Amino acid sequence: MKYLETLQLKKRLFLLFGFITVGLVILGLIGTVNLKRMKTQVDGLYFGSLVPVTELNNILYIYNASLSPTVYKAKYGLVSNDDVKSQIIVSLSQIKKIWNKYKRQYKTTEEMPYINYTSSEINHVNEYFYKVMLASKKNIDLRKLNISLLEKKVEHISLVVKKLLNYETDVAKMNRNEFRKNYLSTMKTETVLLILIILAILIVTYNIFQSIQKENKKLEFMAKKLQAANKKLESASYTDSLTGLFNRRYFNYIYDREVKRAKRAKKYISFMMIDIDYFKQYNDTYGHIAGDNTLKQVALSIRECFRRPSDFVFRLGGEEFGVLLFGVDEHNSAKLAKELCAKVKAKNIEHKNSKVADIVTVSVGVISCVADESLDEEILIKKADDMLYKAKENGRDQCVITTDVNNFHMTLNHSTSVA
Ligand code: GH3
Ligand code: MG
Ligand code: MG
């Protein structure tokens, strides 16, 4: 992948992470702000509306269940002055405590006028009960008390407190509605934002995958090209460029591998060394380019002779060739070597300065044996070379074969001259 393209991919990835981060931060901020707002509303709903409802009801209860009956009983002399006094003190201090608690709780500015009004009305009504209490303190006869005044006062305070109660209930309803509205709009905003973020992520991700796919295709194409180049290079590494035969390097590798294999399988193995006769003179007479062409022709003849998949034909160097045969006995090897000599001659390549013929000829040295564990792997090369030397010595244009894999020379009757 090119550097710039890698950079672009990185940029897109950063963009994706950027989108996600910014999106989450925005969502978090909106969520926090909205939650704070909702908490204030819930506070308003609970402390401003629900708790006050109980407190105001408690105040009303004290007026109706404690203060009024005390005054009523006092009118009819059912309780002593001391009891009246203590009961009124207890009730009033309870009302004061509850009212102060109520006032301390969360209040909106809109609520304050109602609260102040109710507060003054409570104080006003309480003054009446103070008066009754003071009278009881001074041991004044409480049977003279005006009950209808008490009833009026209690009725009035009930009305005022109920009004406040209604107001608080209305505020609670309003708060609840607003809370629901806020909750729904928050949910809507969060959902829209979430969808937008997911869409943005999808688009960027799609983009990234597209470019990855593009890069992948490019890589695949490059890999195929590389594979083809590798194949070419590989074949070049074991092929001789002039003749197209396997080269010396490949011979070393194949020789080692195949001889070992033949030894394990106890198979027939034949190795031939082929050398063009008086090739130096050929070059001197016809030049190097003609010499190269002749090398190609001889290589072709060798190839034509040895076509089996198990046959290996090498150019060992200069104008020297090697052939490895497997599963071919000495008779057939000698036959093939003779055929090769004949085939080269059949090409009829002029060589007027050859001392053996007026055409190009070759000499062949062959070793043929059954391979077994005792076979010295180097002996085949040495023996084939010896036989080639012999063929040259015997006058060239012939093949000499041996089956002797021992170190001393013993040429078989197979040593053959091909006329
Ligand atoms: P002999 O019959 O004893 O083999 O005689 P010869 O002249 O062929 O002797 P030798 O095998 O030593 O000769 C090798 C010559 O082969 C030397 C060189 O001129 C020639 N030769 C080696 N490699 C090449 C090549 O790649 N191209 C050409 N044109 N000639 C080569
Ligand atoms: Mg030579
Ligand atoms: Mg030669």
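Computed from a predicted model, the values in this text were never measured in an experiment. Each ligand, and each atom within it, is numbered from 1 in the order the structure gives.
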When you measure from atom 23 (N) of ligand 1 to the protein, is at least one non-hydrogen atom found at a distance under 4.0 Å?
yes
At under 4.0 Å between heavy atoms, what of N283 touches ligand 1? The answer is side chain
Is the Mg ion (ligand 3) less than 2.8 Å from at least one N/O/S atom of I276?
yes
Closest to atom 25 (C) of ligand 1 among protein heavy atoms sits L295 CD1, 3.4 Å
contact_flag E393 ligand 1 heavy-atom lt 4.0 Å
no
Inset, instruction - May I ask you to establish whether R396 and Y278 are in a cation-pi arrangement, using a distance under 6.0 Å from NZ or CZ to the six-membered ring centre and at most 45° from the ring axis? - result: yes
Practice prompt. Indicate the ring-plane relationship of F246 and F314, choosing parallel, tilted or perpendicular according to the 30° and 60° boundaries.
Written response: tilted
Quick note on ligand 1: atoms under 4.0 Å from a heavy atom of D277 include exactly 2 (O)
protein heavy-atom neighbour closest to atom 3 (O) of ligand 1 works out as R396 NH2, 3.1 Å
Near G291 (heavy-atom distance under 4.0 Å), the atoms of ligand 1 are 29 (N)
Is a salt bridge present between K382 and D386, judged by a nitrogen-to-oxygen distance below 4.0 Å?
-> yes
With heavy atoms and a 4.0 Å threshold, my read on which part of E320 contacts ligand 1 is neither
Restricting E319 to its N/O/S atoms, the closest one to the Mg ion (ligand 3) is OE1
### Message
Does the protein place a non-hydrogen atom closer than 4.0 angstrom to atom 20 (C) of ligand 1?
### Response
yes
Heavy-atom closest pair (S363 atom, L388 atom, distance to 0.1 Å) is O-CD1, 3.2 Å
query: Does F279, backbone or side chain, put an N or O under 3.5 Å from an N or O of ligand 1?
result: yes
Between I276 and ligand 1, does any nitrogen or oxygen pair lie at a separation below 3.5 Å? yes
N, O or S of D275 under 2.8 Å from the Mg ion (ligand 2): yes
Give a yes or no on whether the ring-centroid distance for F271 and F251 is below 6.0 angstrom.
yes
Near K280 (heavy-atom distance under 4.0 Å), the atoms of ligand 1 are 6 (P), 7 (O), 8 (O)
Residue, atom and distance of the protein heavy atom nearest atom 16 (O) of ligand 1 read E319 CG, 3.1 Å
A student checking ligand 1 against Q281 at a 4.0 Å heavy-atom cut-off should list atoms 7 (O)
Nearest non-hydrogen protein atom to atom 5 (O) of ligand 1, with distance, is Y278 N, 3.5 Å
| said: With the threshold set strictly below 4.0 angstrom, can you tell me whether any protein non-hydrogen atom sits that near atom 30 (N) of ligand 1? | reply: yes
Open item on the list: One thing to verify: whether K181 and E178 come together as a salt bridge, which I'm taking to mean a side-chain N less than 4.0 angstrom from a carboxylate O.
Closed with: no
Looking only at heavy atoms, the pair that brings M387 and G365 closest together is CB-CA, 3.5 Å
Flag the pair D83 and K73 as a salt bridge only when some basic side-chain nitrogen lies within less than 4.0 angstrom of an acidic carboxylate oxygen.
-> no
Quick note on ligand 1: atoms under 4.0 Å from a heavy atom of K392 include exactly 1 (P), 2 (O), 3 (O), 4 (O)
Next on the checklist: Between D277 and K392, does any NZ, NE, NH1 or NH2 come within less than 4.0 Å of an OD or OE carboxylate oxygen?
Outcome noted: yes
Smallest heavy-atom separation, I157 atom then L60 atom, equals O-CD2, 4.2 Å
Test your reading of the model: is there a side-chain donor-acceptor pair from S301 to the backbone of Q297, 3.5 Å cut-off?
yes
Open item on the list: For K347, is the NZ atom crowded, meaning more than 12 foreign heavy atoms sit under 6.0 Å from it?
Closed with: yes
For atom 26 (O) of ligand 1, the closest protein heavy atom turns out to be R315 NH2, 2.8 Å
Atom 28 (C) of ligand 1: closest protein heavy atom, distance to 0.1 Å, is D292 OD1, 3.3 Å
| Taking the six-membered ring for Trp, is the centroid-to-centroid distance between F279 and Y282 below 6.0 Å? | yes
